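Each remark here refers to the structure printed beneath this line.
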Amino acid sequence: MALRVHSGQGRPFDLLVSSSGAAPVLRNLPLPRRGFSGTYSTIMGYRAGRRRLWLAALADPEAVDLGRTLSAVTAAARTDAPRLVLAVASAVGPWRPVGQVGIGVPLDARQDAALAFDPVRNLPAGLRAAGPLGWLREQTYRGSRRARGATVQSGGSTATTI
């Protein structure tokens, strides 16, 4: 899942998360999921100063269940206000909520095709990818930007500022 967070402080923050375990030992392992509720973590750690941390989008226990299909997610967005909780954790600590993301109706095909996320360049100041996975992601996105002819950030988003 890709999220674009607009902070109002310049460039947006692109966050890519994958279904994973919630426990510390499982938060950096991609795990298959049968439904859309659950834990989605960055898999890759980040550095903030001397601290290493992980970011996640978690199912909000107070929001409507997202179901098992894209159709169910779309139906939930039309009738209710499904949302995910944004959280942060250290390598061994519990998830701490820091925000939430609301899920709206799907974008049309043109808007969807125009989106391009860059979780390497579009990071908040003071946060950087860490470890071997971070290095690999940097190389991969450098090639992606070259192939797309992107300079700083391509694509756009009509997402609401969180």
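Please read all numbers here as calculations on a predicted model, not as lab measurements.
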Legend entry - Side chain to side chain, L123 and F13, heavy atoms closer than 4.5 Å: yes
Legend entry - Side-chain heavy atoms of L55 within contact of L127, under 4.5 Å: yes
Are [X] and [Y] in one and the same hydrophobic cluster, where Ile, Leu, Val, Met, Phe, Trp and Tyr link if side-chain heavy atoms are under 4.5 Å apart?
| X | Y | result |
| --- | --- | --- |
| L16 | L31 | no |
| V17 | F36 | yes |
| V101 | V5 | yes |
| V85 | V73 | no |
| L15 | V88 | yes |

Legend entry - With S20, the side chain to side chain contact (heavy atoms under 4.5 Å, CB included) member among I43, L29, T42: I43
Inset, instruction - Pick out which of L58, I103, D60 makes a side chain to side chain contact (heavy atoms under 4.5 Å, CB included) with L84. - result: I103
Legend entry - From L66 atom CG to R83 atom CZ, the distance as rounded to the nearest 0.5 Å: 10.5 Å
Please report the shortest heavy-atom distance between [X] and [Y], naming the atom on each side.
| X | Y | result |
| --- | --- | --- |
| Y46 | A130 | C-CB, 4.0 Å |
| G35 | Y40 | O-OH, 3.8 Å |
| G45 | R52 | CA-NE, 4.1 Å |
| P30 | S18 | CB-OG, 4.0 Å |
| A72 | G67 | CB-CA, 4.1 Å |
| M1 | A57 | CE-CB, 4.3 Å |

When you measure from the side chain of [X] to the backbone of [Y], do you find a donor-acceptor pair of N or O atoms at a distance under 3.5 Å?
| X | Y | answer |
| --- | --- | --- |
| D14 | D118 | yes |
| R27 | S90 | yes |
| W54 | A91 | no |

Legend entry - Residues, nucleotides or ligands: over 12 heavy atoms within 6.0 Å of R51 CZ: no
